[in-house]
Undergrad: 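Structure provided below as structure tokens; questions to follow.
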Amino acid sequence: FYGQALLHGNLASAEIDRIQALLDRMPFQSLPQKALTRVRLADLPAGPDSVIVADAPNPNEANNALWVLFFTDSSQEAVLTCQLLQSILQDYFFDELRTRQQLGYIVVS
């Protein structure tokens with residue numbers, strides 16, 4: 001099977017090396033050259049909604065993912081409002097998606 005990883009956030013070089021060593025020991029095959037995806041930037045139009053849909057590189061992949069992002073301005077009021085909303089919704093999303101629907105281990109709010 002094929003594997004793909006994205007390391008995101010504040011990671012020290014030692015942590016990245018440790019994760020890379022772990023991934024190197026996993027039984028992944030190389031994805032055929034023609035199936036490799038390149039990093040793309042999407043210039044989203046101004047407005048409330050944008051959707052980008054991308055197929056998995058492996059056509060036999062049965063899993064799906066949904067990543068929802070909300071961007072606001074950087075004012076203190078906007079940041080605090082988003083943090084409050086996240087705090088209110090976190091338990092509901094976790095319970096619904098991880099416990100009731102049993103969707104997996106990458107459910108975060």
Side-chain angles (χ1 to χ4, degrees):
F1 58 72
Y2 306 108
Q4 196 172 34
L6 169 67
L7 302 178
H8 175 62
N10 297 327
L11 297 167
S13 294
E15 292 173 304
I16 294 170
D17 292 341
R18 185 175 54 82
I19 293 167
Q20 182 65 53
L22 175 68
L23 292 172
D24 288 342
R25 290 192 303 268
M26 298 184 84
F28 294 126
Q29 299 174 8
S30 294
L31 195 61
Q33 185 70 26
K34 65 180 181 178
L36 288 175
T37 56
R38 299 285 179 223
V39 174
R40 295 182 299 144
L41 296 178
D43 187 13
L44 302 177
D49 301 316
S50 294
V51 177
I52 299 174
V53 177
D55 293 328
N58 180 356
N60 297 322
E61 177 62 62
N63 295 307
N64 294 294
L66 172 67
W67 191 353
V68 180
L69 298 173
F70 297 97
F71 294 98
T72 65
D73 61 57
S74 59
S75 70
Q76 186 176 23
E77 180 180 357
V79 170
L80 291 173
T81 301
C82 287
Q83 288 176 346
L84 177 61
L85 181 61
Q86 186 268 342
S87 177
I88 292 168
L89 295 177
Q90 181 175 0
D91 289 340
Y92 169 78
F93 274 89
F94 186 86
D95 181 55
E96 178 64 29
L97 298 176
R98 286 273 315 270
T99 306
R100 293 188 182 154
Q101 295 186 27
Q102 298 181 352
L103 289 181
Y105 288 95
I106 57 170
V107 172
V108 294
S109 64

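The model shown is predicted, which means the values in this text are computed figures rather than measured ones.
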Undergrad: If you group Ile, Leu, Val, Met, Phe, Trp and Tyr by side-chain heavy-atom gaps below 4.5 Å, do Tyr92 and Leu85 land in one group?
TA: yes
Undergrad: Quick one: does any side-chain atom of Gln90 pair with a main-chain N or O of Ser87 as donor and acceptor, under 3.5 Å?
TA: no
Undergrad: Should Val79 and Ile88 be regarded as members of a common hydrophobic cluster, given that ILVMFWY residues are connected when their side-chain heavy atoms come within less than 4.5 Å of each other, either directly or indirectly?
TA: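 Shared cluster, no.
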Undergrad: Find out whether Ile19 and Leu23 are in side-chain contact, i.e. whether some heavy atom of one side chain is under 4.5 Å from a heavy atom of the other.
TA: yes
Undergrad: Is the closest side-chain heavy-atom distance between Leu80 and Gln83 below 4.5 Å?
TA: yes
Undergrad: When rounded to the nearest 0.5 angstrom, what is the spacing between CD in Gln20 and CG in Asp24?
TA: 4.5 Å
